[in-house]
Number of protein chains: 2
Amino acid sequence: MTESRSRDRARTEASIVAAAREVLAEDGFQGFGVNAVARRAGCDKQLIYRYFGGLDGLVDAIGADLAGWLESSLASESPPATYAELVERLILGFLEALRGNVLVQKIAAWEIAGPSPVVARLTAARGMALGRWMANTRGDLAPPPGLDAPALNIFLIAAVQQLVLSSSAAGSFSGVPLQSEADWERVKAAAVLIARRVYAEG
Amino acid sequence: MTESRSRDRARTEASIVAAAREVLAEDGFQGFGVNAVARRAGCDKQLIYRYFGGLDGLVDAIGADLAGWLESSLASESPPATYAELVERLILGFLEALRGNVLVQKIAAWEIAGPSPVVARLTAARGMALGRWMANTRGDLAPPPGLDAPALNIFLIAAVQQLVLSSSAAGSFSGVPLQSEADWERVKAAAVLIARRVYAEG
DNA sequence: TCCCTATATCACCGGCCGGTGATAAAAATA
DNA sequence: TATTTTTATCACCGGCCGGTGATATAGGGA
């Protein structure tokens with residue numbers, strides 16, 4: 001008596017993707033494999049090969065699921081008045097969005113620790129989303145002339161990403177705790193101050 | 001005829017540590033294990049258990065080897081004149097030091113992706129070294145009052161670390177390339193500008 | 001009703017992993 | 001020389017991994 005499951009392909013595919021997201025979010029990319037995902041999904045690993053063509057295809061499916069995450073998290077109410085305010089919102093929004101999404105954190109860590117073409121595509125999509133949001137909400141705001149805005153902005157974004165990942169993994173960075181909400185308020189204040197001083201008017 | 005090796009314990013231990021550093025620097029913490037290290041060292045993995053008590057002890061030995069790396073890399077010639085200059089040197093020095101040491105890069109990535117008490121100790125030591133350097137070369141320079149210097153500084157350090165790790169893993173960050181020396185000049189210019197504007201006098 | 005296809009499972013393979021007990025052989029000691 | 005200690009290797013274990021060919025079975029169409 002081999003107890004087959006619901007025999008609904010779409011449903012099974014969805015459950016596999018869900019299981020993959022769970023395994024990745026909980027255990028990270030280590031221990032992320034066909035066996036673990038299939039166990040979690042309660043089905044045979046063969047289905048991962050049959051429906052997704054292997055782990056890579058499954059990761060792509062996760063990526064498709066993840067598209068638009070940043071956009072929805074970064075939704076801004078009113079248009080910013082200055083370029084400094086625009087960057088300020090970008091940084092703070094990205095910080096909160098990343099802090100609230102463990103899955104994306106794990107993917108970011110994955111990209112750093114074990115680069116692979118598949119994961120690189122996920123990360124690239126995230127970068128594109130950031131750029132798109134910038135372009136959309138920027139309006140006609142322009143950075144002060146003479147400033148290398150892209151370089152400055154990825155510098156700030158990189159800081160946020162590193163601090164969030166370190167917080168998740170170790171609870172601190174370079175000896176400074178990153179756990180309580182007060183800790184994060186310090187970080188956010190620092191980010192805001194930097195954005196304002198860097199893009200100060202006049 | 002079982003060909004024993006040189007039968008010099010100190011030498012064998014050193015070769016094991018060297019092999020461990022090589023494996024870690026080349027392949028990262030994935031694939032870092034007793035089998036890989038022993039293969040690389042050309043000896044039996046049993047020796048790793050006998051001499052180091054397992055992988056953890058071996059990692060500790062690497063850490064002992066690595067102590068003082070930052071201090072020697074951050075050696076500064078003349079004392080800085082302003083706090084802004086102090087931070088500027090810290091950031092630029094840390095950037096070059098980290099860029100030039102793949103092993104430390106891999107350890108930093110390890111900490112983010114697969115936190116463990118052993119690796120945490122390595123990372124903590126690095127943080128302490130940064131703090132020590134700051135305390136030593138600061139002299140009587142003080143950050144402008146009203147600024148949360150620790151929060152601001154780890155923000156900048158975190159950015160540098162993230163950018164270096166992303167460069168190593170993917171060659172870019174958020175769509176901005178990080179490969180040629182010109183790319184890094186942009187980053188360094190951005191860092192310097194931020195440090196100066198944040199800690200601007202008056 | 002019977003058959004056929006889509007769906008899902010099972011059983012098995014080779015390979016690498018961490019870990020350990022027994023053994024060989026060089027070197028020190030007597 | 002004979003014995004003990006140190007140094008190093010070997011052979012093996014159970015377990016998990018990714019991957020695949022053969023097999024069962026549910027459900028829809030004839």
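We name chains A, B, ... by the order of the sequence lines, and we start the count at 1 in each one.
Between A:Thr12 and C:dA8, a side-chain N or O to OP1/OP2 separation shorter than 4.0 Å is present. For C:dA8, neither phosphate oxygen OP1 nor OP2 lies less than 4.0 angstrom from any side-chain nitrogen or oxygen of A:Arg7.
No hydrogens or angles were tested; on distance alone, nothing pairs the side chain of B:Arg50 with the base of D:dT6 as donor and acceptor under 3.5 Å.
Residue A:Leu47 contributes atom CG, which lies 6 Å from atom P of C:dT9 at whole-angstrom precision. The nearest whole Å value for the distance from the CZ atom in B:Arg9 to the P atom in C:dA27 is 17 Å. When rounded to the nearest whole Å, the span between CZ of B:Arg11 and P of D:dA8 equals 11 Å.
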| query | In B/S/- notation, 5' to 3', how is nucleotides 15-20 of chain C contacted by protein heavy atoms closer than 4.0 Å? | reply | --SBBB
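Looking at heavy atoms from C-beta onward, B:Arg89 lies out of side-chain contact with B:Thr137 at the 4.5 angstrom threshold. Residues B:Gln161 and A:Phe173 have side chains in contact (heavy-atom distance under 4.5 Å, counting atoms from C-beta outward). A:Glu85 is not listed as a side-chain neighbour of A:Leu141, based on a closest heavy-atom distance of 4.5 Å or more.
Residue A:Arg9 places its CZ atom among more than 12 non-hydrogen atoms of other residues, nucleotides or ligands, all under 6.0 Å distant.
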Would you tabulate the side-chain donor-acceptor contacts of residues 107-121 of chain B under 3.5 Å, counting partners in other chains and residues two or more places apart, or write 'none'?
unit_1   : atom_1 : unit_2   : atom_2 : d
B:Glu111 : OE1    : B:Ala120 : N      : 3.3
B:Glu111 : OE1    : B:Thr123 : OG1    : 3.4
B:Ser116 : OG     : B:Val119 : N      : 3.4
B:Arg121 : NH1    : B:Asp60  : OD1    : 3.4
B:Arg121 : NH1    : B:Asp60  : OD2    : 3.2

For residues 43-52 of chain A, which side-chain donor-acceptor pairs fall under 3.5 Å, sequence neighbours excluded?
unit_1  : atom_1 : unit_2  : atom_2 : d
A:Asp44 : OD1    : A:Gln46 : N      : 2.8
A:Lys45 : NZ     : A:Asn35 : OD1    : 3.3

